[in-house]
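In each ligand, atom 1 is the first atom listed, and ligand 1 is the first ligand listed. As a basis for the values below, the full set of heavy atoms in this structure was taken, side chains included, without hydrogen atoms, waters or symmetry mates.
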Amino acid sequence: MLIQRTLLAIGCCGFLFTASLFGRMQSDKLFSVKVMTQDRNERNQIVNAGIAIDKVFSDAVGFIGTNRDIEKLKALGFKLKVSDLSQRKFDFPSSDQSFHNYSEVNSALEQIVTKHPNIASRFSIGKSLEGRELQGIRLSGSKKEDTLPTAIFMGCHHAREHLSVEVPLKLAEYLSDKYDSDSRIKDLLDSREVLIVPMINPDGAEYDISSGDYKYWRKNRRKNSDGSYGVDLNRNYAKGFGGEGSSSSTSSDIYHGPSAFSEPETQAVRDWVKSRKKTTVLLSFHTFSELVLWPFGHTNDEVPSHTDQLVFEAMGKKMASWNKYTPQKSSDLYLASGDTTDWAYDELKIFAFTFELSPDSMFSGGFYPGASAIEPTFQANIEPALYLIEKAENPYSVLKEQNDPLKLIP
Ligand code: 0X9
Ligand code: ZN
């Protein structure tokens with residue numbers, strides 16, 4: 001079967017990765033790798049080898065990895081196309097300055113509160129491993145906590161996914177700026193709580209930009225027992241912990257950590273989300289690939305409630321009709337165990353989604369698409385976000401609307 005795989009004819013220059021990785025140890029050298037795959041089973045074989053897939057194509061997957069990853073996949077019989085990232089210098093477009101680092105995120109949140117003290121307040125859900133406050137913003141016309149239906153938005157579980165910080169941050173600015181002038185937003189915020197934590201993994205995000213070059217860093221900055229660094233926060237939640245699509249190898253980009261919720265960042269999310277008892281919907285922003293994903297991701301099984309499955313599908317497809325992303329059940333992409341949304345749904349019955357934001361592929365900038373991607377990506381996701389906030393009142397109402405011919409008219 002492997003012999004039938006054809007090598008994709010792509011020249012190295014076809015890759016648009018722009019990373020200067022001088023100073024890395026030889027063993028750390030990074031490669032962009034395209035692996036020819038025929039189906040989901042083969043994609044799952046790859047994640048089970050400890051690889052963090054970045055992009056799924058119809059006939060291949062792409063990832064950033066080391067020589068060890070490449071050798072593992074070769075031993076499994078996969079055909080690969082490898083491009084050495086160290087040959088490429090990262091070109092710093094001045095426009096990348098408009099991405100927010102950790103302290104800029106906090107200043108931006110503070111500015112919103114200063115501008116809109118009537119509806120906005122800051123909060124912290126806890127501290128990162130290196131002691132950074134995991135800061136968030138609460139937006140609501142009501143001062144009373146935990147009385148109104150609540151929608152939660154999070155960004156940046158993965159360090160290098162900087163666009164996933166910008167979109168929830170812009171959402172906070174948008175909602176607060178429009179409150180006085182836009183009756184739809186005013187009505188929504190007067191009848192809901194919106195909680196936004198744009199940077200769940202500040203240690204990783206800061207590390208990724210710490211040398212002036214992007215480091216393609218994904219995990220947090222846990223020093224593991226063998227001296228390697230990082231736990232994949234999106235493999236560290238409890239549901240399906242340690243299962244398919246996660247790795248027990250500390251050096252893997254999808255290392256799940258020593259136990260479920262071993263990391264302060266995921267503990268903070270767990271305790272905070274659990275404490276917000278009126279939460280019905282949640283959206284965790286990631287990049288990239290332009291996908292709308294819903295549980296389960298750790299198993300090919302459907303969620304146990306058929307009604308909930310229909311709600312996930314209806315909401316996911318509706319949101320995808322606006323941002324034009326591909327809607328699908330997470331496990332149809334590839335299996336990944338221990339992610340935020342499987343836990344939030346399983347434990348708390350929250351309708352929890354993952355968005356893989358723009359760009360659509362590594363050929364259009366991958367994790368580092370440049371700041372020109374911020375505004376269009378945000379614009380594409382305003383309507384999905386407002387829809388989610390609206391449906392926080394009663395997610396099950398989407399089933400009725402689906403059958404209501406009047407609501408089918410856009
Ligand atoms: O693998 C992940 O954690 C997410 N993709 S990313 O490229 N941002 O790392 C997807 C998580 C949910 N997906 C699946 N269970 N397949
Ligand atoms: Zn991610």
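Ion pair Lys239/Glu347 not flagged as a salt bridge, since none of the NZ, NE, NH1 or NH2 atoms sits closer than 4.0 Å to an Asp/Glu carboxylate oxygen. With respect to Arg192 and Glu390, no salt bridge is recorded, no charged nitrogen being found less than 4.0 Å from a carboxylate O.
Shown in contact with Asp339 at under 4.0 Å from a heavy atom are these atoms of ligand 1, numbered in order with element: 11 (C), 12 (C). Against a heavy-atom cut-off of under 4.0 Å, Gly297 is close to the following atoms of ligand 1: 15 (N). Less than 4.0 angstrom separates some heavy atom of His286 from each of these atoms of ligand 1: 8 (N). Shown in contact with Arg218 at under 4.0 Å from a heavy atom are these atoms of ligand 1, numbered in order with element: 1 (O), 2 (C), 3 (O), 6 (S), 9 (O). Less than 4.0 angstrom separates some heavy atom of Thr287 from each of these atoms of ligand 1: 7 (O), 8 (N).
The Zn ion (ligand 2) has an N, O or S atom of Glu161 closer than 2.8 Å. At least one N/O/S atom of His158, from backbone or side chain, sits under 2.8 Å from the Zn ion (ligand 2).
The one candidate from Arg270, Arg222, Arg221, Arg235 that meets the salt bridge (charged side-chain N to carboxylate O under 4.0 Å, His left out) condition with Glu263 is Arg222. Here the options are Lys274, Arg138, Arg276, the test is salt bridge (charged side-chain N to carboxylate O under 4.0 Å, His left out), and the partner is Asp146; only Arg276 passes.
With respect to atom 16 (N) of ligand 1, the closest heavy atom belonging to the protein is Tyr334 O, 2.5 Å. The protein heavy atom nearest to atom 5 (N) of ligand 1 is Glu356 OE2, 2.5 Å.
Around atom 11 (C) of ligand 1, the closest heavy atom drawn from Asn234, Asp253, Asp342 belongs to Asn234. Taking only non-hydrogen atoms, the option from Arg160, Arg43, Glu161 nearest to atom 8 (N) of ligand 1 is Glu161.
Backbone and side-chain nitrogen or oxygen atoms of Arg235 are examined, and one is located within less than 3.5 angstrom of a nitrogen or oxygen of ligand 1. Residue Thr354 has no nitrogen or oxygen atom sitting less than 3.5 Å from a nitrogen or oxygen atom of ligand 1, judged on distance alone.
Donor-acceptor pairing under 3.5 Å is recorded for the side chains of Asp208 and His162. Between the side chains of Asp308 and Tyr396, at least one donor N or O sits under 3.5 Å from an acceptor N or O. When only modelled atom types and interatomic distance are considered, Ser128 and Asn201 share no side-chain donor-acceptor pair under 3.5 Å.
Arg122 CZ: more than 12 foreign heavy atoms inside a 6.0 Å radius.
In terms of heavy atoms, Pro168 sits closest to Phe285 at CD-CD1, 3.7 Å.
For His286, the N/O/S atom at the shortest distance from the Zn ion (ligand 2) is named ND1.
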